[in-house]
Undergrad: 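What follows is a single structure, and I will ask about it in a moment.
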Amino acid sequence: MAMTTNVRTDTQAPSSDGRVEPQQEPWDWHVAARRGDTDAVTALAARARRIAWRLAHPDAWRAELERCAHYDPAYVYDEVHEYDFDWTTDPDYPFDVHHNAYDQDGFVCPEHEWHLFLLARMFSALCDLFNDIEVVRVLNKPDLYIPEALGKALGLRTAGGRSKEMVRPDVLVLPTGARLPQTRVLRIAQGDPVPELAVEIVSPTSRDQDFDDKLRLYAALGIREYLVCNAGSRPKGDDLGWAPDLRLFRQPRDGMYEQMDAPDLVRTDDGDFLTITVRSEVCGTELRLHQANPRTLSQFQWWDQGQDRWRDPETDARMEERTDTAIAMLHRVLPDDAEPALRERIAERWRAEGPPEDVIDRLLDVQLAPREWRSLLDVPLDGESNHNDQGPGRTH
């Protein structure tokens with residue numbers, strides 16, 4: 001039996017008032033099921049049946065793939081995945097199509113929205129972290145080509161037994177001073193730099209791959225650290241879904257990763273506050289997931305020793321707005337005898353370190369007692385410093 005491409009078509013049927021309305025054709029096993037098409041048992045069985053058909057009829061399946069405009073004969077297509085005209089369930093597929101995923105019940109659905117949101121947050125935060133230190137060396141969803149011999153040695157194969165040639169990490173961090181590739185393509189076998197940090201955001205559908213295949217692959221490539229993050233799931237009604245998680249693996253001896261000690265996990269008595277913290281040697285600081293409550297997406301943050309606070313793009317934007325407001329107010333309330341150079345030094349320090357938490361209250365006090373402005377704003381005399389070098393783990 002020929003395998004049909006996964007396309008739904010509509011038929012025309014008259015409504016009760018005589019109008020013609022489109023009707024979706026009944027679902028059959030040739031098409032990847034979506035919720036509402038059938039039940040979970042049937043959806044899972046149909047997926048297994050499609051995989052079996054592809055394995056038994058490789059030429060017919062290849063002919064179907066060739067009908068897709070995005071088909072590339074050089075790509076190693078995997079029999080366990082769907083490849084439609086404008087979407088796929090293959091997370092490593094490098095061409096311009098939508099990426100969907102199978103859920104635990106065997107239904108195809110858009111790639112987990114929390115996964116995408118957290119990926120955007122993590123990528124932006126890591127770019128800010130490294131941009132504060134040096135030239136940006138962070139790549140978003142690059143194509144990482146695997147040396148052929150390594151893929152075979154690790155047994156990274158498709159369901160049809162062919163060796164995998166490429167994977168797409170969510171984020172890679174290149175070594176200091178590494179030559180950035182012209183495109184998001186890394187070919188280590190051809191001299192491109194070995195990344196220092198790989199980041200993957202897992203979901204129930206990618207857990208086995210991220211904690212097995214990619215764990216072994218990144219260790220074998222010599223990637224120094226591997227950060228695995230679970231975004232959690234959006235709660236539905238009384239179901240709180242699964243909790244977020246953050247794990248760090250570091251390159252040990254004998255070519256195998258070692259998971260760092262259990263991360264620092266802090267949760268309030270009512271369970272509505274979650275913080276998971278790990279320390280990355282590559283990043284040179286602590287990283288954490290911070291979730292205010294189970295119904296909000298976790299925020300990925302990094303500890304900035306210089307500013308003595310946890311940072312991420314959203315809190316940075318709020319801090320910048322707060323700093324601009326404080327500096328504008330500073331220039332209005334300082335007495336006329338405050339030297340312009342000293343005013344600017346205060347403003348520069350606030351831009352670099354952030355203003356005090358109670359800066360507005362302090363500036364209001366300056367208005368009431370202008371002669372005491374130095375003590376109210378903790379402005380040191382020349383040569384003194386009031387910088388606080390406390391580390392992370394504080395309440396910010």
Side-chain angles (χ1 to χ4, degrees), residues 3-10 24-55 61-62 64-72 75-123 140-143 158-160 164 166-171 184 199-211 213-214 229-234 236 241-242 297:
M3 182 79 169
T4 58
T5 308
N6 300 335
V7 177
R8 286 175 169 78
T9 58
D10 291 334
Q24 183 172 294
E25 287 188 348
W27 174 82
D28 69 76
W29 71 274
H30 300 97
V31 179
R34 300 175 186 270
R35 287 196 178 273
D37 287 340
T38 186
D39 59 88
V41 173
T42 305
L44 289 168
R47 182 187 181 191
R49 190 176 177 185
R50 286 193 302 278
I51 295 171
W53 183 89
R54 293 168 191 145
L55 290 169
W61 183 49
R62 180 71 55 175
E64 290 196 354
L65 291 172
E66 291 174 354
R67 299 191 190 109
C68 297
H70 50 79
Y71 172 74
D72 183 343
Y75 185 73
V76 179
Y77 287 86
D78 193 336
E79 289 82 357
V80 301
H81 288 299
E82 312 291 336
Y83 300 91
D84 211 323
F85 289 121
D86 61 353
W87 64 269
T88 181
T89 59
D90 185 347
D92 296 326
Y93 200 57
F95 308 113
D96 188 18
V97 295
H98 298 292
H99 281 78
N100 295 338
Y102 277 105
D103 64 19
Q104 65 272 22
D105 294 323
F107 297 112
V108 168
C109 57
E111 190 173 22
H112 201 281
E113 59 180 11
W114 280 28
H115 177 122
L116 297 176
F117 291 154
L118 184 58
L119 172 58
R121 289 182 172 185
M122 292 184 76
F123 176 69
N140 183 28
K141 297 192 80 68
D143 299 342
T158 69
K164 273 186 169 287
M166 187 272 290
V167 296
R168 302 191 80 191
D170 284 324
V171 178
R184 293 182 300 104
V199 179
E200 295 287 357
I201 302 178
V202 305
S203 66
T205 57
S206 69
R207 182 177 181 85
D208 290 343
Q209 181 184 32
D210 293 329
F211 280 102
D213 291 355
K214 289 186 176 179
C229 181
N230 184 342
S233 64
R234 184 185 294 279
K236 297 179 181 179
W242 64 90
L297 178 63

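Predicted model only: the values in this text are computed from it and were never measured.
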Undergrad: To the nearest 0.5 Å, tell me how far Arg168 CZ sits from Lys214 NZ.
TA: 10.0 Å
Undergrad: Just how far is it from atom CZ of Arg47 to atom CZ of Phe107, taken to the nearest 0.5 Å?
TA: 12.5 Å
Undergrad: If you round to the nearest 0.5 Å, how far is CD1 of Ile201 from CZ of Phe117?
TA: 12.0 Å
Undergrad: Are Tyr93 and His81 close enough that a side-chain donor and a side-chain acceptor fall under 3.5 Å?
TA: no
Undergrad: Nearest 0.5 angstrom please: Met166 CE to Tyr75 OH, how far?
TA: 4.5 Å
Undergrad: Looking at Asp92 and Lys164, does any basic side-chain N land under 4.0 Å from a carboxylate oxygen?
TA: yes
Undergrad: Quick check for you: to the nearest 0.5 Å, what is the distance between Thr89 atom OG1 and His98 atom NE2?
TA: 14.5 Å
Undergrad: Taking all atoms of both residues into account, what is the closest heavy-atom pair of Ala32 and Asp37, and its distance?
TA: O-OD2, 4.3 Å
Undergrad: Return the minimal non-hydrogen interatomic distance between Val167 and Pro169, and the atom names on each side.
TA: O-CD, 3.5 Å
Undergrad: For a side-chain hydrogen bond (donor to acceptor under 3.5 Å, both in side chains) with Tyr83, tell me which candidate from Asp90, Thr88, Asp78 qualifies.
TA: Asp90
Undergrad: For a quick test of reading the model, state the closest non-hydrogen atom pair linking Pro142 to Asp170 and the distance between them.
TA: CD-O, 4.5 Å
Undergrad: Of all heavy-atom pairs between Ala33 and Trp27, which one has the smallest distance, and what is that distance?
TA: CA-NE1, 3.5 Å
Undergrad: Between Arg50 and Trp29 (side chain of the first, backbone of the second, donor and acceptor by atom type, cut-off under 3.5 Å), is there such a pair?
TA: yes
Undergrad: If I take atom OH from residue Tyr77 and atom SG from residue Cys68, how far apart are they, to the nearest 0.5 angstrom?
TA: 7.5 Å
Undergrad: Thr38 and Ala43: which non-hydrogen atoms are nearest, and at how many Å?
TA: CG2-N, 3.9 Å
Undergrad: Backbone N or O of Arg62 within a donor-acceptor pair of the Arg54 side chain at under 3.5 Å?
TA: no
Undergrad: Okay, side chain of Glu79, backbone of Gly160: is any donor-acceptor separation there less than 3.5 Å?
TA: yes
Undergrad: Which atoms form the tightest heavy-atom contact between His70 and Val97, and what is the distance?
TA: CD2-CG1, 3.5 Å
Undergrad: Would you check if the side chain of Asp39 reaches a backbone N or O of Thr42 as a donor-acceptor pair within less than 3.5 Å?
TA: yes
